[in-house]
Amino acid sequence: MGINFKESKARLEQANAIARDLERLLKQQETLISGTKAAASHAKESQVLLELAKLPVDRLKDATEETVRIETLRKYGFANVASIYNSSAIQLERIPGITLTAAQSLKALADQMYQAVAQSISYGIDIDDLTSADTALIENLQGLDKLRAATKNSTSKMLPIAQAIRQSLPQTQPLNSRLRWLFTSSQKKERALNALHEITMLVGEPVTMALVGAARLGITALENKSAQPIEEFKKRSSDYYAILEEVTNVRPNTAANRHLNQELLDKIAAQELDTSTIRATLRQYQTFGGKFALTQGRVIIGDEMGLGKTLQAISALAHRATTGATRFLVVSPASVLTNWMREVGTRSELPIIKIHGEDHKTSLQNWIDSSGIAITTYDTLKSFDLTQEEISALGVDTVIVDEAHYIKNISTGRTRTISKWLERSPNVIFLTGTPLENRVDEFIALATLLDPKMGSELNRVALAAGPESFRKTVAPIYLRRNTEEVLKELPELIEVVEYCNWVGVDKQKYIDAVADGNFMAMRRAAFNAEPDMQTSKLERLLELVEESFESGQKVIVFSYFRSVIDQVVNALGERAIGPITGSVSSTQRQNIVDQFQSSPIPLALVGQIQAAGTGLNIQAASVVILCEPQIKPSLEVQAIARAHRMGQVRKVQVHRLILPDSVDEHMLTMLASKQKEFDAYARDSDLANSASGAKDITEESMAKVIVMEERKRLGIQEYDLENLITDDEE
């Protein structure tokens, strides 16, 4: 049998290089994980010791059946568990009456209690008071984030390949030279050829090459880490906390799951969730939500807004796609359609088709022909015009219904339409931030849409008996967590960008404003409605207010523009208080705030951000809605600080209403940038180069660049901005 030693050597060198790259990446990952654990433990230490200091030394008796000489310990100054933990066994042995064995036992008990407390408390980074341990932790988390993004969370599949190559390579040594081959026994020759064959097959696998490519991308990503990890953390703290939670294996909060029986909890825990096509690290509660949906098939996820219900639903779709499912349907209100497109597009690798607008019939046919995730609205779904047989033939694996409380009335055409799809899909996920605990009829209606048999069997008396009884009865299909239960370690601020759309907006007024260089009119345009229409921004604002009220939360609505303020007040009616504007005296302002603070029912305080955004304490509110981005970042910071301050007992959620493909997106991008990033933006802009002063970071220069970019995008060729309007005309 002829052997091509040159070719064999090349294959073996290639295999060795592959194993080396995989091992290098895995070693870097392990270093980052170890560093994260060590930094987290160090950073958390002071918090744990503070908790141990609150535990009287008597608590040691509860942790052991052995005799503990409590009075003796107290007599010699050991009043709490922290004092025992901070001492050595030798120091404790010096106490009269404490033997070395007893001292070692005491020290062991204190160490165990330290670990128990460390596992039970959540660690939050105070970005305004960073310690060296905090900084080290953030740097390690950044490395893991970069690595996971580059490798698409595939590192767990790399180790078996590296190990297989390393185990086989030693057996191929006889193939290193012809001379060595001649003096090798036939048995070792056979082993060498078998090992070569195994390595060749392994290296030739497409999966292996994909993993090697991912490993090399990961190594490159780590070499090119950002020099500003703190700034990265500020922008994406929730992703970093998710990685921290996973790496340190913090015990998940089970308060929200206490109503599930152990059999179901075990079933959910055993459920696999393949996130290889998800571009995000899920929190433990989000992973639980995704597994819950997979395990139960037809469910309602009713988490409080801001907890990532969308990502949980996407994770379930991603997993089902890996098991062979190809067609999914998402139905949402028009106001969040754009948000769904962005979330699926940026958080996953799943193919998406928007079925909405004038060309929705063409998009529908594309989905029918090519499958993927169809994202549509309640109203557009009614115009699909498909027979029941045609719907069945599509084989939709999962239907997601966002803001599911929209279909609580089974007699409406909207609900009847969606029912046809629900009946013909094995899996359904209803999403709603509206708490259903005190809405017996509404819950039964939604449960009936999920499963008619279950809906008819639900015990109305048990549901009406109160939240505890309700949750226990509906636990198999309904999952709701609130912010306090699952985000204990996060800073008391959650910021959400709400992407709206152009539905109902008088687009011509916006184009005219761009042509006129009227920057302020451009900013107001998202609230300029066409006749007999409601703009998407106003619709989303009303939805957010309603959802907040249902959760018992008060709201503050800010806008720069008086016309927008008046429109919001009129739309909210009796639910609004104010408005606070520049023409309202300081005494009147405080009276309005006092009424808002003391109101026993949720209200929405509406105000101009220049007037209501400073000098007031409004911590009764836990939801802030910003109608448009502000040219001065300080205005937003000050406005948010009205609610996010000492005395606030709830997480503060900030919702920024953004109109895509408009001045809003330019402002969002530029205001989030540093001076260096603004300079780069202006330098790379042909339009900026033609405007004097456009590279100076002033309010007027930013406005000029934004107006010019919009003119370029819209094909408006006049670039003379000497008469740019940057002051409010109202």
Kindly say whether C500 contributes a backbone atom to a donor-acceptor pair with the side chain of T338 at under 3.5 angstrom?
-> yes
Check whether more than 12 heavy atoms from other residues, nucleotides or ligands sit under 6.0 Å from atom CG of N224, and answer yes or no.
-> yes
Can we say K537 and D664 salt-bridge, meaning some charged N sits less than 4.0 Å from an Asp/Glu carboxylate O?
-> yes
Hey, are the side chains of Q296 and L264 touching, using non-hydrogen atoms and a 4.5 Å cut-off?
-> yes
Would you call D21 and R216 a salt bridge, taking side-chain N to carboxylate O under 4.0 Å as the test?
-> yes
Rounded distance (nearest 0.5 Å) linking atom CG of L364 with atom CZ of F384 | 5.0 Å
Grab the two heavy atoms, one from A269 and one from K291, that are nearest each other, plus how far apart they are.
-> O-NZ, 3.5 Å
Between S622 and Q553, what is the shortest heavy-atom contact and its length?
-> OG-NE2, 3.2 Å
Flag, side chain of S425 to backbone of D397, donor-acceptor distance under 3.5 Å | yes
Do Q29 and T155 have a side chain donor and acceptor closer than 3.5 Å?
-> yes
Assess whether salt bridge (charged side-chain N to carboxylate O under 4.0 Å, His left out) is satisfied between E665 and R713, documenting all intermediate values.
-> CA-CA 13 Å; E665 283 201 320; R713 186 179 67 82; over 6 Å; no
Sidechain-backbone polar pair: D506 side chain, A525 backbone, donor-acceptor under 3.5 Å | no
Considering only heavy atoms from C-beta outward, does the side chain of V331 approach that of D402 to under 4.5 Å?
-> no
For Y510 and S662, indicate whether the former's side chain and the latter's backbone hold a donor-acceptor pair under 3.5 Å.
-> no
Are the side chains of F430 and L450 in touch, meaning some heavy atoms are under 4.5 Å apart?
-> yes
Side chain to side chain contact (heavy atoms under 4.5 Å, CB included) evaluation trace for T275 with H319 | CA-CA 7 Å; T275 58; H319 177 87; over 6 Å; no
Specify the closest pair of heavy atoms between S551 and G433, including all atoms of both residues, with the distance to one decimal.
-> OG-O, 4.0 Å
Kindly assign one of parallel, tilted or perpendicular to the pair Y378 and Y406, based on the angle between their ring planes and the thresholds 30° and 60°.
-> parallel
Using only heavy-atom distances, determine whether the side chains of T380 and T377 contain a donor-acceptor pair under 3.5 Å.
-> yes
Decide yes or no for I375 and V344: does some side-chain heavy atom of the first lie under 4.5 Å from some side-chain heavy atom of the second?
-> yes
Side chain to side chain contact (heavy atoms under 4.5 Å, CB included) between I352 and M341, worked out | CA-CA 8 Å; I352 53 178; M341 294 293 296; 3.8 Å; yes
Please tell me if the side chains of V624 and Q653 come closer than 4.5 Å, counting only heavy atoms from C-beta onward.
-> no
Please test R298 against N427 for side chain to side chain contact (heavy atoms under 4.5 Å, CB included), starting from the C-alpha separation and ending with a verdict.
-> CA-CA 5 Å; R298 300 169 76 88; N427 304 300; 5.5 Å; no
Roughly how far apart are I373 CD1 and W340 CH2, rounded to 0.5 Å?
-> 8.5 Å
Worked check of ring-ring contact (aromatic ring centres under 6.0 Å, His included) between Y478 and F443 | CA-CA 10 Å; Y478 178 55; F443 185 86; 5.5 Å; yes
Does L202 offer a backbone N or O that forms a donor-acceptor pair with the side chain of T208 under 3.5 Å?
-> yes
R481 to Y285 six-membered ring, cation-pi geometry met (6.0 Å, 45°) = no
Step-by-step side-chain hydrogen bond (donor to acceptor under 3.5 Å, both in side chains) determination, E710 to H666 = CA-CA 9 Å; E710 277 297 274; H666 289 301; 3.0 Å; yes
When you look at CD1 of I410, are more than 12 heavy atoms from neighbouring residues, nucleotides or ligands closer to it than 6.0 Å?
-> no
May I ask you to decide whether E245 forms a salt bridge with R283, counting only side-chain N to carboxylate O separations under 4.0 Å?
-> yes
Over all atoms of both residues, closest heavy-atom pair of S276 and T322 = OG-CG2, 4.4 Å
Kindly indicate, with the supporting measurements, whether the criterion side chain to side chain contact (heavy atoms under 4.5 Å, CB included) is fulfilled by L32 and L222.
-> CA-CA 10 Å; L32 288 168; L222 290 176; 3.9 Å; yes
Could you tell me whether a side-chain N or O of R279 sits under 3.5 Å from a main-chain N or O of S348, the two making a donor and an acceptor?
-> yes
Are H356 and T376 close enough, and set up right, to give a side-chain hydrogen bond (donor to acceptor under 3.5 Å, both in side chains), and what steps lead you there?
-> CA-CA 6 Å; H356 184 61; T376 191; 5.4 Å; no
Give the minimum heavy-atom separation between A313 and L431, together with the two atoms involved.
-> CB-CD1, 4.1 Å
In Å, rounded to the nearest 0.5 Å, how long is the span from CD of Q312 to CZ of F292?
-> 10.5 Å
Does T415 reach the main-chain N or O of S411 with its side chain, forming a donor-acceptor pair under 3.5 Å?
-> no
How far does CG of D145 sit from OH of Y240, to the nearest 0.5 angstrom?
-> 5.0 Å
Under 3.5 Å, side chain of T323 to main-chain N/O of R320, donor-acceptor pair present?
-> yes
For the residue pair W367 and D369, establish whether any side-chain heavy-atom pair is separated by less than 4.5 Å.
-> no
Supply the atom-to-atom distance C627 SG to R656 CZ, rounded to the nearest 0.5 angstrom.
-> 12.5 Å
Any Lys/Arg nitrogen of R540 or E403 sitting under 4.0 Å from an Asp/Glu carboxylate oxygen of the other?
-> yes
Pick out which of K420, R424, E423 makes a side chain to side chain donor-acceptor pair (under 3.5 Å) with Q388.
-> R424
Rounded to the nearest 0.5 Å, what separation is found between the CG atom of L317 and the CD1 atom of I429?
-> 6.0 Å
Looking at side-chain heavy atoms only, is the closest gap between L386 and L394 below 4.5 Å?
-> yes
Side-chain heavy atoms of L659 within contact of W502, under 4.5 Å = yes
Residues P426 and V396: closest non-hydrogen pair is CD-O, 3.4 Å
Check the pair H360, S383 against side-chain hydrogen bond (donor to acceptor under 3.5 Å, both in side chains), reporting the backbone distance first and the verdict last.
-> CA-CA 9 Å; H360 75 271; S383 65; 3.1 Å; yes
Identify whether the distance between the nearest side-chain nitrogen and carboxylate oxygen of D239 and K146 falls below 4.0 Å.
-> no
